Amino acid sequence: MVDFKSSNMISVGEAMVELAPMGEGLYKRGFAGDTFNTAWHIAQALHGRASVGFATRVGMDRISDAFVAELADDGLDVSVITRDRQRTMGLYLIELDGVERSFHYWRDTSAARGLTADGGALAQAFGGAGLIHLSGITLAILPPADREILFAALAEARANGARVSFDPNIRPRLWPSMDAVHLTIPQVLALTDIALPSFDDEVAVWGDTSPEDTLARFAAAGVAEVAVKNGAGPVSVLADGQIRTLPTPEVKGIRDTTGAGDGFNAGYLSARLLGQTPQMAVLAGQRFSAEVIQHLGARLPRALIPSLP
Ligand SMILES: Nc1ncnc2c1ncn2[C@@H]1O[C@H](COP(=O)(O)OP(=O)(O)O)[C@@H](O)[C@H]1O
Ligand SMILES: [Mg+2]
């Protein structure tokens with residue numbers, strides 16, 4: 001079983017300013033982003049038991065200041081955030097058409113795209129971590145040369161005993177081409193200990209015909225532990241060379257599935273950092289995502305964070 005030299009973790013990626021509709025053309029400002037949502041939930045779940053950092057790059061403006069202050073207030077390690085004098089955070093706006101939500105992004109020039117600009121800071125941030133988490137979105141937003149800087153930092157951290165978790169979260173629109181996806185994903189899988197893909201994404205990119213196909217592909221790429229999420233369907237897990245299929249409990253009153261996968265990752269990784277087995281971690285992931293999809297937005301109110309034994 002994949003084990004950890006420390007339960008401290010760092011998640012790497014982009015958080016954006018979120019504008020969520022409140023009616024009559026009014027919007028509420030928040031912050032969200034896949035690896036950020038995951039880090040934030042883990043920080044709440046492991047409060048007082050582990051240090052959780054979010055490694056990103058933001059601006060030097062007041063909204064970026066507010067973001068960093070909110071994270072610090074919520075108990076995250078913000079020492080791993082760097083600042084860009086010229087750029088600001090990316091932004092997205094949610095539009096509602098009945099219950100359907102569509103997302104409009106302004107993120108092409110976000111500060112987070114330069115998150116490897118200070119490669120030394122990144123390597124240092126990874127230094128004490130037992131686990132480093134990233135996603136395909138983290139990779140998609142980086143210029144190719146900067147991906148190499150990130151890969152080098154991950155390889156060095158792994159050589160020093162850190163584990164790496166990866167959620168492919170493939171968003172074709174963020175990538176320059178499907179060829180870029182097909183070339184980059186194997187590179188990161190070679191550095192990954194725990195993979196947390198969603199079956200839908202993998203079907204679209206690789207043509208998998210079953211979650212077992214997905215497990216087999218990740219195993220062949222050298223990933224030791226894999227949990228394939230599949231919406232309301234069962235979660236398929238590979239750990240210690242064994243495959244298990246764990247049913248997903250029915251969830252009533254689903255309001256907004258945004259962030260379901262990020263919430264699952266948070267529950268799963270929190271449980272694993274506490275030394276629980278992959279099977280127990282799937283249950284934790286399902287509890288987190290069940291809460292997330294019963295609420296609007298990708299992050300839960302703090303009082304509703306499931307507690308972990
Ligand atoms: N309709 C649903 N019913 C019950 N659980 C769900 C449902 N949709 C998502 N989930 C939970 O959220 C997890 C992640 O959902 P999924 O849709 O596979 O990921 P993503 O949000 O990355 O596309 C699932 O493993 C499951 O635990
Ligand atoms: Mg996902």
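Note that the coordinates shown come from a computational prediction; the quantities given were computed from them, not determined experimentally. All ligand and atom numbering here is 1-based and tracks the order in the structure.
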In this structure, are over 12 heavy atoms from other groups packed under 6.0 Å from [X] atom [atom1]?
{"X": "Lys5", "atom1": "NZ", "result": "yes"}
{"X": "His182", "atom1": "NE2", "result": "yes"}
{"X": "Gln187", "atom1": "CD", "result": "yes"}

Mutual orientation of the aromatic rings belonging to Phe54 and Phe67 [parallel < 30°, tilted 30-60°, perpendicular > 60°]: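 Phe54 vs Phe67 ring planes: perpendicular.
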Near the Mg ion (ligand 2) (cut-off under 2.8 Å), count of protein N, O or S atoms: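 Excluding waters, the total comes to 1.
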Pocket residues of ligand 1, ordered first by chain and then by residue number (heavy-atom cut-off under 4.0 Å):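 If the criterion is a heavy atom under 4.0 Å, then ligand 1 touches Ser198, Lys229, Asn230, Gly231, Ala232, Val235, Thr248, Pro249, Val251, Ile254, Ala260, Gly261, Phe264, Gln286, Ser289, Ile293.
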Closest heavy-atom pair and its distance - Val2, Ala224: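 Closest approach of Val2 to Ala224: CG2-CB, 4.1 Å.
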Please table the atom pairs, donor to acceptor, closer than 3.5 Å between any side-chain atom in residues 88-97 and protein atoms at least two apart or in another chain.
from	atom 1	to	atom 2	distance (Å)
Tyr92	OH	Glu18	OE2	2.6
Glu95	OE1	His104	NE2	3.1

Euclidean distance, Ile141 CD1 relative to Thr56 OG1, rounded to 0.5 Å: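 The distance works out to 6.5 Å.
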Test side-chain contact (heavy atoms from CB on, under 4.5 Å) applied to Leu139 and Asp146, Asn169, Thr184, the passing residue: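 Single side-chain contact (heavy atoms from CB on, under 4.5 Å) partner of Leu139 among Asp146, Asn169, Thr184: Thr184.
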For Gln279, side-chain contact (heavy atoms from CB on, under 4.5 Å) partners two or more places apart: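 With neighbours one apart ignored, the set is Arg244, Leu246, Thr277.
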